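A short worksheet on the structure shown next.
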Amino acid sequence: MPIDPFRDYTLQEQRDLDLLQLFDNGIRGDDGRMTPELQGVGTVAMAIQALDHGVTVDMLGRIAYAADKATLDSIRKYPEDLTEELDKRGHGNIADVIRVGMSHIHTQEDGKAFARWLSLVHQMAKRRAADAPKDEP
Amino acid sequence: MREKAQSPKPRLNTTTKPPQTDTTAPSPLMPQGSPTTFSVIRLQGLIGNQAVQRMLMPAPAAPKITPQAAQHPVVNRGFFDDILDAVGLGEEEEEEEEVEETGGDTSDHEDTPASDEVSDEAEEEAEGSDSVFDDILDAVGLGDSDSEEDSEPAESEEEQSSSIIDDILDAFGLGDSDSDDIYEEAEDESEEEGQSLWDTITDFFDELVTDIEGALFRWTRVDKAKIDAQTVPNVLTSFQAGRIEGAVNRLDEDSYDRLRIILDNANSEMEFAFICKALSAGHTIDEVEEFADTINGMSERWLVQNLSVVDETTEEGETGRGIQQQFGNSCGPTSLQLIHAQADPIYALRLHSAGPVDAAVDDAKTNPENSPNSEMADEQNAILQSHADAGTGNAATDRSNPTGGAWVESDMNELVGATGLTFETKIIGTAITLNEAIDVLKTNLTRGIHVPIVVGGSVGDTAHYVVALNWAQSRIQIHDVWAGETVWRTEDDLRNSTLNLPSNHIMLTAVDVPTEADE
């Protein structure tokens, strides 16, 4: 079922969302902005699923940094800059989402939008991790 | 990225040629001299010449591994005992032998611990640092008590090389009474087979020396070779590399044992180097272990990108990206972060884990949520705020409103454990001349010490902190934290106030003179 950016998703639905579908409409819409499915439910769902799979907030921060630093050329030449740590730490499924995203980068603007999305995911994960209930001492 | 220095192969200097194929050049196995000195010299040649003597000497004046020396944290007395026991010269025999050497005078032995007596008397006899080496040779049957005085005619090179191999194999239980035959057979074999035998022998001795060295000292020749290979931009400076051995030797036994396990698990020499760098930056072994887990198995490209905050491999004419100030007046705190991160990979990783370090927004003060790296921004903000509260500076402003910040040398000096340095600001024209300032830069940058400097538009205009990273061929590499850009400028640019940095400043107006801390 395609992702509907204009409806509310429950927490469980976000946990079950097929993240690979986030990029069905590319990274940016016709107006040049990040697609609503990425910016909305996609950001939250990616953060939730990454944390669920054991990806750390720090890892997401480093990926956001790598994406921000990347140019169009470097993404083509060194795509592993964004996925190496995920792959090596056993989070290949999350790395796959990033690989699919990178495959939709055709311009420098696409790359910037993708880096912004990863930064949003990082921020969302950070907030969720900070708000997560702590065990009683 | 600049090509890395080739890793020196941590082998002995005996592998250049098999002896039977080299009849012209003097082999490292063929020291000139009498055959009686030869038994000492040839093994020295085999296992690293003077370097090995140094390795085997815990203290220059100690002719024996005395009880005092055995208490030295980097000397493993037990290893010596093991060697002596293995060859039937354990403690009892060792003492007896010493008694014989000292003329059998045992009159004081009832009142004085034997080991002290042995040590004292041996000290009188000792001539330089050869003594321990000679004892080891004696113990394994290769020694010659009169080796220094003997002056029989020298053997031919071929005889020497054959004899060396025989003696060595015999001494370590690998010998064969007919080893001459073995040698001759090898000689008769093809050159490749001869090389193979030679390699086997030298490999054996590589391992042997490494084991001896590793048992005696914490920081070995192989460790040093790995660090030397990684003393390259973005990994280690020569100054940072020089701090590592001391940091290792300061560890308690338990921590040292844990460090060895951590280092054994390193997947590359670069990983090894960054782990050592983290240790020398003052981190506990727990922190180092956690760090090592995080970077374990990562590519060198990943390591460099995540464990430094500027790109020191930026070439002339290129502009490298690196750490950027988040506020209109946080050049000082950002320079502080740069100095810290380049000395401490754990801190660098923490900055990167919080998001991009080389990006900034104009309104991070007004709208902190817009900051691409809130932790990095928060730290810059906190440093400025502490100065504002103390009346020694101004609070942070937006980048859209650049203004004065604060002198941050006191903050830098608090990082002495990480950097190994303290800094003192000298303003050019009052506390230091331009020539002296340039000398400070040359001296320290070529030693691998990063130097914060202040630039402006005229004499005394201490407008903006930047950091000098390298000096090469009358050129200086500078990271301008305003733009987050690394550039090269010439010595003439420094002298003529034509720096034209990305922040538009042109003149060197102050330098933070580094002083190496006692560690």
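The shown structure was predicted, so the numbers you read here are calculated from the model rather than taken from an experiment. Chain letters run A, B, ... following the sequence lines, proteins first and then strands; every chain starts at 1.
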Quiz item: What pairs with A:Arg128 under side chain to side chain contact (heavy atoms under 4.5 Å, CB included), at least two apart in sequence or on another chain?
Solution: A:Leu11, A:Ile48, A:Leu51, A:Met124
Would you say [X] has more than 12 foreign heavy atoms packed within less than 6.0 Å of its [atom1]?
X: A:Asp8; atom1: CG; value: no
X: B:Arg260; atom1: CZ; value: yes
X: A:Asp31; atom1: CG; value: yes
X: B:Glu290; atom1: CD; value: no

Exercise. Enumerate by number any residue of residues 54-67 of chain A whose heavy atoms lie under 4.5 Å from heavy atoms of chain B; in the absence of such residues, state 'none'.
Key: A:Val57, A:Asp58, A:Gly61, A:Arg62, A:Ala64, A:Tyr65
Practice problem: With side-chain hydrogen bond (donor to acceptor under 3.5 Å, both in side chains) as the test, would you mind laying out the steps for B:Ser299 and A:Lys88 before giving the verdict? | Solution: CA-CA 10 Å; B:Ser299 66; A:Lys88 288 184 173 173; 5.2 Å; no
Quiz item: Where does A:Arg89 contact chain B at under 4.5 Å (heavy atoms): side chain, backbone, both or neither?
Solution: side chain
Work out which heavy atom in [X] is nearest to a heavy atom in [Y]; give both atom names and the distance.
X: A:Lys69; Y: B:Arg321; result: NZ-O, 4.0 Å
X: A:Asp81; Y: B:Gln305; result: OD2-NE2, 3.7 Å
X: B:Ser374; Y: A:Lys126; result: OG-NZ, 2.8 Å

Quiz prompt | Residues which pass side chain to side chain donor-acceptor pair (under 3.5 Å) with A:Asp18, listed by chain and number, not counting sequence neighbours | solution = none
Quiz item: Got a sec, which residues hit side chain to side chain donor-acceptor pair (under 3.5 Å) with A:Gln108, two or more places apart in sequence or on another chain?
Solution: none
Quiz item: Can you tell which of B:Asn373, B:Thr294, B:Val357 has the highest number of heavy-atom pairs within less than 4.5 Å of chain A?
Solution: B:Thr294
Quiz prompt | Which atoms of B:Asn296 approach chain A - backbone, side chain, both or neither, heavy atom under 4.5 Å | solution = both
